[in-house]
There are 2 protein chains.
Amino acid sequence: MSETFSISDLSREFEVTTRTIRHYEDLGLLAPSRAGQNRVYSARDRVHLKLILRGRRLGFSLKEIGELLQLYDAPNGEVSQLTLFIGKMRERRETLLEQREDIDRVLEELDDLEKRCAEMLQARDENAA
Amino acid sequence: MSETFSISDLSREFEVTTRTIRHYEDLGLLAPSRAGQNRVYSARDRVHLKLILRGRRLGFSLKEIGELLQLYDAPNGEVSQLTLFIGKMRERRETLLEQREDIDRVLEELDDLEKRCAEMLQARDENAA
DNA sequence: TTTGACGTTTACGTAAACGTCAAGTACATT
DNA sequence: AATGTACTTGACGTTTACGTAAACGTCAAA
């Protein structure tokens, strides 16, 4: 019924090595089913990998990503678990918002620098004319 | 005239260890002057450290940060250098923009999750009433 | 049937980013 | 003179995130 993927399918699609994918499994971030001894990845597994790589791009450690995946997968526990979950999410949100501010700052600085460079180039051209 | 800082001043202000600061110097990311054998950091050095830590938060390697600092410090070279510099900045910008999209996506997902959690809590409360 | 492409496990290697002593210097205070 | 505080330079240790090589299984095409 639903689509499945081999390890090299995912390796190609996301441009990571198979070693990397297996490493994530070693750390408990992925749990594909098996056909014989071969790994078989479901669409859900694929989404997990996508989330892992996104987390990595955002600078989270694989351990932290593991915790996030747990939270993401199983907001089904008790009230205490849920409120704890919400708390953790709020923390993440703050971290991410700070990170976005960092990015905006850097982008502004890059703008400034680029303008200065353009000006320097122009000045040179005018002198050459 | 201008303010200076000891290594522990900066250590306290930015909440990093002195070891970390010395490590950055080992890698050529900082170059404080000396009073005898002791390091003396200028306001400029302090800004450098701030930039380093920001880069770190954004997931850049210290090596990459070093390149960025060089670019940041010395856009004074030839035309070829300047255009190369602008090119590198464009790349950085794209990376950062992608990263910001990642963050926005994650923030949306966190919103969804939080709403779902809130709904689950509400449903429970209504049953309890 | 052998070659090739794909997969597997096991295990040691490695680069990055520091942590953690150890041992010493310099200067002020008690 | 001794104690304390802040600084210094090694140098080895540690964690994270994989790389890489070895040795092997499986199946299909030539």
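Below, read A as the first sequence line, B as the second, and so on, with proteins coming before strands; counting in each chain starts at 1.
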Using a heavy-atom distance cut-off of less than 4.0 Å, which residues of residues 10-19 of chain A contact DNA chain D? Thr17(A), Arg19(A)

Heavy-atom pair with the smallest gap, counting every atom of Arg56(B) and Ile65(B): N-CD1, 3.6 Å

CG of Leu49(A) to OH of Tyr41(A): how many Å apart, nearest 0.5 Å? 8.5 Å

Note down the inter-axis angle between the two ends of the helix from dT1(C)-dA30(D) to dT30(C)-dA1(D), five pairs each, to the nearest 10°. 20°

Looking at DNA chain C, which of residues 48-66 of chain B put a heavy atom within less than 4.0 Å of it? Arg56(B), Ser61(B), Leu62(B)

By salt bridge (Lys or Arg N to Asp or Glu O under 4.0 Å), which residues pair with Glu98(A), not counting sequence neighbours? none

Heavy-atom pair with the smallest gap, counting every atom of Arg34(B) and Val40(B): C-CG2, 4.2 Å

State which residues pass side chain to side chain donor-acceptor pair (under 3.5 Å) with Thr95(A); sequence neighbours excluded, sorted by chain then number. none

Residue closer to the 5' end of DNA chain C, Asp9(A) versus Asn38(B) (nearest nucleotide): Asp9(A)

Let's see if you get this right: which residues in residues 21-30 of chain B place a heavy atom under 4.0 Å from DNA chain C? His23(B), Tyr24(B)

Pairing residues for Asp9(B) by the side chain to side chain donor-acceptor pair (under 3.5 Å) criterion, not counting sequence neighbours: Ser6(B), Arg12(B)

Residue pair Arg34(B)/Thr20(A) against DNA chain D: nearer the 5' end by closest nucleotide is Arg34(B)

Do side-chain atoms of Gln99(A) reach the backbone of Ile103(B) as a donor and acceptor pair under 3.5 angstrom? no

Take atom CZ of Arg105(A) as the centre, draw a 6.0 Å sphere, and report whether it contains more than 12 heavy atoms from other residues, nucleotides or ligands. yes

More 5' along DNA chain C: Gln37(A) or Gln37(B), using each one's nearest nucleotide? Gln37(A)

Got a sec, which residues hit side-chain contact (heavy atoms from CB on, under 4.5 Å) with Asp111(B), two or more places apart in sequence or on another chain? Arg93(A)

Tell me whether Asp45(B) contacts the main-chain N or O of Ser42(B) through its side chain, where contact means a donor paired with an acceptor under 3.5 Å. yes

Earliest and latest nucleotide of DNA chain C, 5' to 3', sitting under 4.0 Å from a non-hydrogen atom of chain B? dA17(C) to dT20(C)

Counterpart residues, salt bridge (Lys or Arg N to Asp or Glu O under 4.0 Å), relative to Glu64(A) (two or more places apart): Arg92(A)

Can you list everything that forms a salt bridge (Lys or Arg N to Asp or Glu O under 4.0 Å) with Arg57(A)? Sequence neighbours excluded, please. Asp102(B)

Test: Glu3(A) and Arg46(A) ion pair at under 4.0 Å: no

Does a donor on one side chain sit under 3.5 Å from an acceptor on the other, for Ser11(B) and Ser8(B)? no

Apply side chain to side chain donor-acceptor pair (under 3.5 Å) to Glu109(B) and list each qualifying residue two or more places apart in sequence or on a separate chain. Arg54(A)

